[in-house]
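First the structure, in the form of C-alpha cells, and then the observations on it.
This one's a predicted model, so the numbers in the text were calculated from it and none came from an experiment.
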Amino acid sequence: MTAFLLTNIGELTTNVAVGGDPCGTLHDAAILVEDGRVEWTGPADRAPDGGAAADVVDAGGRAVIPGFVDSHTHLVFGGDRAEEFAARMAGEQYAAGGIRTTVAATRAATDDELRTRLGAFVAEARAQGTTTLEIKTGYGLDVETETRLARLAAQVTEEVTFLGAHVVPLEFADRADDYVDLVSGGMLAAVGPHARWIDAFCEAGAFSLAQSRRVLEAGRAAGLGIRVHGNQLGYGEGVALAVALGAAAVDHCTYLSDDDVAALAGSGTVATLLPGVEFSTRQPYPDARRLLDAGVTVALASDCNPGSSFTSSMPLMIALAVREMRMTPAEALWAATAGGARALRRDDVGAIAPGARADLVLLDAPTPVHLAYRPGVPLVRRVWKDGVEI
Ligand code: NIG
Ligand code: FE
C-alpha cells in the first residue's frame, strides 16, 4: 500500500457540496491518499495518520483543488494553422472549412509524428493541472486515418470520441450524404471499438440536423455515448438535437435561443462552454450567467485544436469565463472540474471525496480565486494523478 498525507492546506476545494457551497470548501485541511484514491478529507488537526508508512506533504498554507477535467479537446493532428490565425486577427472570419487544412497535414503525418506531438500536448496539459482529458478524432476523415487517430488517442486516455462527422472531406464535396453513409457505416465499425463517445459538428458549413442525427444514432446503436458540437457559429439545431438524443453534453453553446436554454435546463445534457474559441476567433462569448440562472449544468473545456483554440490551458478558460462570461470564480472552478466530470458522466474524477481518484492540484496561491485574479501566471505548483506526482 502506498499512502501520503497532504496537509497544511489553506483552502481545499472538494466539490462535495456543503450547505450552499457547491465547491465544498474546507480551511486548514488535509487529504489522506491511499493506493491512488482519496481515503479521507477534513480538518488538518483531525487527520488520521494513514499508518506508519504514510509520507507527509506540507502544502504550506496554499490552496488545493481537484485536477481539471478537460472534456473537449482535439489533440491528435498534424501541422498548425498559425497563418490562418494571423489572417483572422487581421480581419478574416473563422469558418468550419479550415478543418480541411489540418486534415491534409494529419493524413500526411506518420504515427510516430502524431504520437510524439500528442505526448507533448498531454504533458503540456498535465503541467497546467489537467488530470482527465477527452480527445476527439476528426482530422482523418477517412477510415484508415480516423482509426489511426482513435488508436493513438486511446493510448493516452479512456475518453476517446469518434468525430468522423467533423466536416465533409474534399473527396466527398457535393456528396455529403455519401460521406454520412461512410461515417455511420464502415468508418464507425472501424473506429467505434477504440472510442467511448460519438460526436457530430451540427452547424452550417458542417453537418445538417438530419445528417448529424443519422451519425449520432448509428453511434448509439454501436454502443457509444453521444456528445454534440452545436450552436458555435450561429443559432441552430445542435442543442435541441443533443437534448432530444439524451447526449452527455452539447459543446460551444455560443448562440442560444430561449427554447435552447429551457431545453437544456430540463435535461441531463451538460452545456460545455469553450471560451478559448471565442478568444481565438474573436467571436462574442457565450452567456454562462443565463445558463446558470436557468439551472443548466455548465462545464468549461479548452477545445484545444489548431484552428479555433490552440491552447490546453484550463486556468485560462477559468479566467476568460470569469472576466467575459459572467461566471463567479467559484462557478468557473466547479465547471472546469466537477462540470467536466458530469459532461463525461464520470463520478470518480472532478471531486476530492473518499473513493475518488487522487487527482490533485496544489496551487501557488492561497485561494483558487487567484486562477482568475492572476491571469496568465503559472500558478500550478504540483500535480498528482491517481496519487502519483506528475
Ligand atoms: O470545436 N467546431 C468544430 N471543431 C473545432 C474546430 C476545429 C478546427 O477549426 O480545426 C472546434 O472549434
Ligand atoms: Fe471542438
Side-chain angles (χ1 to χ4, degrees), residues 67-82 84-85 88 94 96 98-99 101-103 105-106 109 113-140 149-150 152-163 166-167 197 199 201 227 229 232 249 251-254 272-283 285-286 299-321 332 335-337 339-341 343-344 349 361 371 375-376 378 380 383 385 390:
F68 297 121
V69 179
D70 190 350
S71 62
H72 185 142
T73 81
H74 307 244
L75 291 183
V76 210
F77 58 87
D80 68 40
R81 284 161 39 208
E84 179 189 307
F85 175 79
R88 199 156 60 234
Y94 176 81
I99 294 166
T101 310
T102 300
V103 170
T106 304
E113 287 164 348
L114 293 171
R115 190 182 295 108
T116 302
R117 202 93 190 289
L118 172 61
F121 291 136
V122 171
E124 170 187 293
R126 297 254 187 271
Q128 295 170 94
T130 297
T131 47
T132 303
L133 265 174
E134 180 266 11
I135 301 179
K136 299 174 199 300
T137 69
Y139 289 119
L149 302 188
L152 289 165
Q155 289 169 10
V156 297
T157 185
E158 306 151 65
E159 303 294 345
V160 177
T161 300
F162 169 42
L163 180 58
H166 199 184
V167 76
W197 302 100
D199 193 343
F201 187 13
R227 353 188 33 83
H229 276 74
Q232 173 187 356
D251 298 16
H252 288 287
C253 294
T254 307
T272 302
L273 308 182
L274 311 166
V277 173
E278 282 72 36
F279 179 85
S280 301
T281 59
R282 217 174 250 158
Q283 291 264 114
Y285 288 89
L300 286 170
S302 72
D303 197 9
C304 187
N305 78 79
S308 65
S309 179
F310 200 5
T311 172
S312 57
S313 173
M314 291 296 278
L316 175 63
M317 300 310 123
I318 289 174
L320 291 173
T337 50
L344 293 171
V349 297
V361 174
L371 289 166
V380 172
V383 181
K385 180 169 165 56
I390 301 172

Between the OG1 atom in Thr73 and the CD atom in Glu134, the distance rounded to the nearest 0.5 Å is 5.5 Å

Side chain Arg227, main chain Ala343, donor-acceptor under 3.5 Å: yes

From CA spacing to verdict: side-chain contact (heavy atoms from CB on, under 4.5 Å), Leu274, Gln232: CA-CA 10 Å; Leu274 311 166; Gln232 173 187 356; over 6 Å; no

Considering all heavy atoms, the nearest Gly78-Thr102 contact: O-CG2, 3.8 Å

In short, Ser312 meets Gln128 closest at the heavy-atom pair OG-NE2, 3.1 Å

Taking salt bridge (charged side-chain N to carboxylate O under 4.0 Å, His left out) as the definition, give me every residue that meets it alongside Asp199, ordered by chain and number, with sequence neighbours left out. Lys136

Identify, with sequence neighbours excluded, every residue that meets side chain to side chain donor-acceptor pair (under 3.5 Å) alongside Thr132. none

Which value, rounded to the nearest 0.5 Å, describes the distance between Cys253 atom SG and His229 atom NE2? 11.0 Å

Looking at side-chain heavy atoms only, is the closest gap between Leu133 and Glu159 below 4.5 Å? no

Side chains of Leu344 and Val349: does their closest heavy-atom pair fall under 4.5 Å? no

Residues passing the side chain to side chain contact (heavy atoms under 4.5 Å, CB included) test with Ala319, sequence neighbours excluded, are Pro375

side-chain hydrogen bond (donor to acceptor under 3.5 Å, both in side chains) between Glu278 and Thr254, worked out: CA-CA 9 Å; Glu278 282 72 36; Thr254 307; 2.8 Å; yes

By side chain to side chain donor-acceptor pair (under 3.5 Å), which residues pair with His166, not counting sequence neighbours? none

Could you pull out all residues at least two apart from Val167 that satisfy side chain to side chain contact (heavy atoms under 4.5 Å, CB included)? Ile99, Arg100, Leu141

For the CD1 atom of Ile135 and the CG atom of Leu152, what is their distance to the nearest 0.5 Å? 9.5 Å

His72: which of Asn305, Asp251, Thr272, Thr161 passes side-chain hydrogen bond (donor to acceptor under 3.5 Å, both in side chains): Asp251

What's the shortest heavy-atom distance between Met314 and Val69, and which atoms? CE-O, 3.9 Å

So, for Ala153 and Val76, which heavy atoms are closest and what is the spacing to 0.1 Å? CB-CG2, 4.2 Å

Going by side chain to side chain donor-acceptor pair (under 3.5 Å), name the residues that satisfy it together with Ser71, two or more places apart in sequence or in a different chain. none

For the pair Thr137 (side chain) and Leu163 (backbone), establish whether a donor and an acceptor sit closer than 3.5 Å, ignoring hydrogens and angles. yes

Do Ser302 and Phe68 come close enough that some side-chain heavy atom pair is under 4.5 Å? no

If every non-hydrogen atom of Ala82 is compared with every non-hydrogen atom of Asp80, which pair is closest and at what distance? N-OD1, 3.1 Å

Can a donor-acceptor pair be found, under 3.5 Å and without considering hydrogens, that links the side chain of Ser309 to the backbone of Cys304? no

For Phe121, side chain to side chain contact (heavy atoms under 4.5 Å, CB included) partners two or more places apart: Leu75, Phe77, Arg117, Glu124, Phe310

Nearest heavy-atom contact between Leu300 and Ala321 is CD1-CB, 3.7 Å

side-chain contact (heavy atoms from CB on, under 4.5 Å) evaluation trace for Glu84 with Tyr94: CA-CA 9 Å; Glu84 179 189 307; Tyr94 176 81; 4.1 Å; yes

Can you list everything that forms a side chain to side chain donor-acceptor pair (under 3.5 Å) with Arg126? Sequence neighbours excluded, please. none

Residues in side chain to side chain contact (heavy atoms under 4.5 Å, CB included) contact with Thr101, at least two apart in sequence or another chain: Arg81

When rounded to the nearest 0.5 angstrom, what is the spacing between CG in Leu118 and CD in Gln155? 8.5 Å

